[in-house]
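Scroll down for the structure; my scribbles are underneath it.
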Amino acid sequence: FSLVRTLRTTWSARDIREPRELPRLLDADLIVSLVDDARPRHFLNRLAVAHYIPMLDGGNVIRSTAENDADAEIATVDAAGARISVVVPGGPCLWCAGHLTASRLSLAYRSNADKAADRARGYVEHLGPEHAPSVMPINAVTAALLELRLMDLVFRLSGRAVPEVYLDVLSGSLDELPRARRATCRQCGHWTGLGDLAELHHIE
């Protein structure tokens with residue numbers, strides 16, 4: 001990006017839901033999101049659609065054969081994927097695409113005791129820490145995919161609007177998913193363009 005003199009990135013070690021972070025977010029031309037928590041993802045999704053700020057959001061998941069078997073002592077990874085979504089005015093938001101749901105958001109608000117119990121089972125649900133797969137490679141792939149999408153948007157490499165790309169880690173296939181905005185979405189359908197009137201769930 002050094003070829004583009006006016007391109008500037010900013011970051012902060014604080015939670016972006018803190019009220020003092022809001023001016024920095026509202027001043028951005030593009031928001032890049034790579035978070036493991038549905039709460040800041042929901043916050044950024046609502047902010048992006050309310051203020052017409054484009055956002056690139058990345059996420060990944062690893063599934064195991066012991067996903068629903070708490071007694072399993074060993075397991076294998078049977079699915080793994082990484083996706084990059086582009087949230088732009090008039091396009092599908094993360095709720096439209098199914099990456100944010102009421103169930104996922106409620107799980108994110110679990111008590112500290114419940115979260116500690118989940119961590120004790122490892123990164124993949126129901127697995128002990130010694131059986132949890134290495135997630136660094138898939139995190140690196142997700143970040144690389146996001147940077148490629150960012151370069152495509154900034155430099156208009158392809159000239160095509162692609163709402164989402166998905167990499168199936170096990171098969172090695174990369175697909176473009178034709179996500180569409182849902183007319184019944186209660187998030188972007190209600191919050192789009194509201195600006196400062198949009199309710200944001202800040203933390204103190």
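It should be emphasised that the depicted structure is a prediction, and the values quoted were computed from it without experimental measurement.
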inquiry  = What verdict does the side-chain hydrogen bond (donor to acceptor under 3.5 Å, both in side chains) test give for Arg83 and Ser85, after you've listed the backbone C-alpha separation in whole Å, the side-chain angles of each residue and the deciding distance to 0.1 Å?
reply    = CA-CA 7 Å; Arg83 59 108 192 138; Ser85 302; 2.9 Å; yes
Measuring only between side-chain heavy atoms, which start at C-beta, is [X] closer than 4.5 Å to [Y]?
| X | Y | answer |
| --- | --- | --- |
| Val87 | Val49 | yes |
| Asp175 | Val165 | no |
| Arg179 | His99 | yes |
| Tyr52 | Thr192 | yes |
| Leu47 | Ile53 | yes |
| Met55 | Ser33 | yes |
| Cys188 | Cys96 | yes |

query = Side chains of Thr142 and Asn60: donor-acceptor distance under 3.5 Å anywhere?
reply = yes
task = Could you tell me whether the side chains of Ser171 and Ser173 share a donor-acceptor contact shorter than 3.5 Å?
result = yes
Can you hop from [X] to [Y] via hydrophobic side chains spaced under 4.5 Å?
| X | Y | answer |
| --- | --- | --- |
| Ile84 | Met151 | yes |
| Val154 | Val88 | yes |
| Leu150 | Val35 | no |
| Leu157 | Leu146 | yes |
| Leu197 | Phe43 | yes |

task = List the steps, then state whether side-chain hydrogen bond (donor to acceptor under 3.5 Å, both in side chains) holds for Arg149 with Ser158.
result = CA-CA 10 Å; Arg149 294 295 294 123; Ser158 70; 5.3 Å; no
message = Under 4.5 Å side-chain heavy-atom separation, chaining through any Ile, Leu, Val, Met, Phe, Trp or Tyr, what else clusters with Tyr166? Say none if it is isolated.
response = Leu177
Of all heavy-atom pairs between [X] and [Y], which one has the smallest distance, and what is that distance?
| X | Y | answer |
| --- | --- | --- |
| Asn45 | Cys93 | OD1-CB, 3.4 Å |
| Ala80 | Ile138 | CB-CD1, 4.2 Å |
| Trp191 | Glu199 | CZ3-N, 3.2 Å |

For [X] and [Y], indicate whether the former's side chain and the latter's backbone hold a donor-acceptor pair under 3.5 Å.
| X | Y | result |
| --- | --- | --- |
| Arg46 | Arg41 | no |
| Ser106 | Ser103 | yes |
| His51 | Gly195 | yes |

ask   = After noting the C-alpha distance and the side-chain angles of Val141 and Val169, does the key distance pass the side chain to side chain contact (heavy atoms under 4.5 Å, CB included) rule?
value = CA-CA 9 Å; Val141 167; Val169 174; 5.6 Å; no
key: Given Leu94, Asp37, Leu100, the one that forms side chain to side chain contact (heavy atoms under 4.5 Å, CB included) with His42   = Leu100
What donor-acceptor contacts under 3.5 angstrom involve side-chain atoms of residues 15-31, with partners at least two apart or in another chain?
unit_1	atom_1	unit_2	atom_2	d
Asp15	OD1	Arg17	N	2.8
Asp15	OD1	Arg17	NE	3.1
Asp15	OD2	Arg17	NH2	2.9
Glu18	OE1	Arg20	NE	2.9
Glu18	OE1	Arg20	NH2	3.3
Glu21	OE1	Ser12	OG	3.4
Glu21	OE2	Arg14	NE	3.0
Glu21	OE2	Arg14	NH2	2.8

